[in-house]
Amino acid sequence: MSGKRGGRRPDPAKDAAILDAAVELLVEHGSDLTFDDVAARAGVGRTSVFRRYATKRDLVVAAAERITIDRIEVPDTGSLETDLVEAATTVYGVFSQPRTEALARHALAEAFQSGEGGVILRAVLGRRLEMVTGVLDRAVARGELSDAGNARLVADLLSGVIMARLAVGEPLPRGEDAERVARALAVAART
């Protein structure tokens with residue numbers, strides 16, 4: 001006996017179509033979407049969506065992560081400050097893109113009105129904390145920091161700029177402005 005499960009193999013094209021459809025609907029309407037909406041947009045049956053995502057929350061989080069935190073990698077540059085410059089530049093670049101900005105605006109608005117926007121924010125902010133902790137852990141390993149205890153503060157400052165700027169319709173920091181934010185993040189990491 002081979003130990004393999006019966007049934008069809010997952011179809012990566014369907015997986016992508018479902019996530020793409022969910023992303024489009026999230027950007028257009030916020031988390032006010034249904035599995036039927038996603039299935040129709042993806043051109044698949046409703047059961048195809050249910051096979052991949054047990055709950056709407058799972059689907060919404062996966063779609064939100066697909067266009068936000070999943071697109072962010074911070075290279076190890078060998079220096080805390082330059083790692084944070086890379087992080088800030090990349091994060092602000094991703095959140096400056098129209099689709100991601102629209103999703104973030106929906107999530108912020110919904111976070112104050114219902115649980116779904118808060119779910120998206122908590123998921124993305126949780127992953128953002130993991131990313132920042134990784135950056136600070138590397139700095140600890142290089143001897144630049146004694147510990148990564150300020151990871152949450154650094155992550156909150158990084159994301160706080162996004163939320164504040166989106167709330168008032170201002171562009172996110174780019175170039176030298178992003179570098180200045182990164183230097184402030186490095187100070188926060190060291191305090």
Side-chain angles (χ1 to χ4, degrees), residues 1-75 86-132 134 155 158-159 161-172 174 178:
M1 187 156 187
S2 67
K4 293 183 182 179
R5 288 181 40 186
R8 293 185 208 163
R9 291 184 181 162
D11 181 351
K14 269 189 189 176
D15 296 344
I18 290 167
L19 269 181
D20 289 344
V23 165
E24 290 171 11
L25 290 164
L26 275 176
V27 168
E28 293 169 13
H29 307 288
S31 62
D32 186 26
L33 57 84
T34 67
F35 277 34
D36 289 332
D37 296 333
V38 173
R41 179 75 61 102
V44 300
R46 186 174 195 254
T47 56
S48 292
V49 180
F50 277 112
R51 278 189 199 118
R52 288 158 176 84
Y53 302 98
T55 67
K56 176 182 168 181
R57 179 173 285 182
D58 293 341
L59 174 61
V60 165
V61 168
E65 288 178 343
R66 181 179 180 106
I67 66 167
T68 59
I69 202 76
D70 284 351
R71 296 173 46 210
I72 298 169
E73 286 187 40
V74 180
E86 290 292 327
T89 301
T90 304
V91 167
Y92 297 152
V94 166
F95 279 87
S96 290
Q97 295 173 357
R99 288 175 7 139
T100 311
E101 185 177 321
L103 172 64
R105 285 181 190 278
H106 283 302
L108 281 170
E110 290 174 16
F112 293 106
Q113 299 170 3
S114 71
E116 292 301 326
V119 168
I120 293 170
L121 285 177
R122 280 189 296 283
V124 171
L125 294 176
R127 295 274 306 278
R128 169 240 38 199
L129 177 58
E130 291 172 13
M131 176 195 73
V132 169
L158 179 67
S159 296
V161 170
I162 295 170
M163 292 179 196
R165 296 278 180 102
L166 288 178
V168 297
E170 293 289 325
L172 293 177
R174 303 294 284 196

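Here the CZ-OH distance, from Arg174 to Tyr92, works out to 11.5 Å after rounding to the nearest 0.5 Å. Rounded to the nearest 0.5 Å, atoms OG1 (Thr100) and CG (Leu166) are 10.5 Å apart. The distance from the OG1 atom of Thr34 to the CG atom of Leu59 is 10.0 Å, given to the nearest 0.5 Å. To the nearest 0.5 Å, atoms CG (Asp37) and CG (Asp32) are separated by 8.0 Å.
Shown here for Ala123 and Val61, the closest heavy-atom pair between the two residues is CB-CG1, 3.5 Å. Met131 approaches Ala87 most closely through the heavy-atom pair CE-CB, 4.4 Å. Between Ala22 and Ala63, the shortest heavy-atom contact is CB-CB, 3.7 Å. Heavy-atom minimum distance, Val23 versus Ile67: CG1-CG2, 3.5 Å. When all heavy atoms of Leu26 and Ser31 are compared, the pair lying nearest together is CD2-CA, 3.7 Å. Taking both residues in full, the closest heavy atoms of Ala178 and Ala88 are given as O-CB, 4.0 Å, listed atom of the first, atom of the second, then distance.
Inter-residue side-chain proximity for Thr90 and Phe95 is flagged as unmet; no heavy-atom pair is nearer than 4.5 Å. In this structure the side chain of Asp36 never reaches within 4.5 angstrom of the side chain of Val49, judged on heavy atoms. Using a 4.5 Å heavy-atom threshold, the side chains of Leu125 and Met163 count as touching. A heavy-atom distance below 4.5 Å is not found between the side chains of His29 and Leu33. At a threshold of 4.5 Å between non-hydrogen side-chain atoms, the residues Asp20 and Arg66 count as touching. At least one side-chain heavy atom of Arg52 sits under 4.5 Å from a side-chain heavy atom of Asp15. Counting only heavy atoms from C-beta outward, the side chains of Tyr53 and Val38 never approach each other to under 4.5 Å. Lys14 has its side chain out of reach of Arg51: every pair of non-hydrogen atoms, C-beta onward, lies at least 4.5 Å apart.
In this structure, Arg128 contributes its side chain and Ala155 its backbone to a donor-acceptor pair below 3.5 Å. Of the possible donor and acceptor atoms, one in the side chain of His106 sits under 3.5 Å from a partner among the backbone N and O of Val27. For the pair Arg165 (side chain) and Pro171 (backbone), a donor-acceptor distance under 3.5 Å is present. Using a distance-only test at 3.5 Å, with no hydrogens or angles considered, no donor-acceptor pair links the side chain of Arg127 to the main chain of Glu65. Ser48 places no side-chain N or O within 3.5 Å of a backbone atom of Val44 that could act as its donor or acceptor partner.
Comment: Arg99 does not engage Glu28 in a salt bridge, judged by the lack of any side-chain N to carboxylate O separation of less than 4.0 angstrom.
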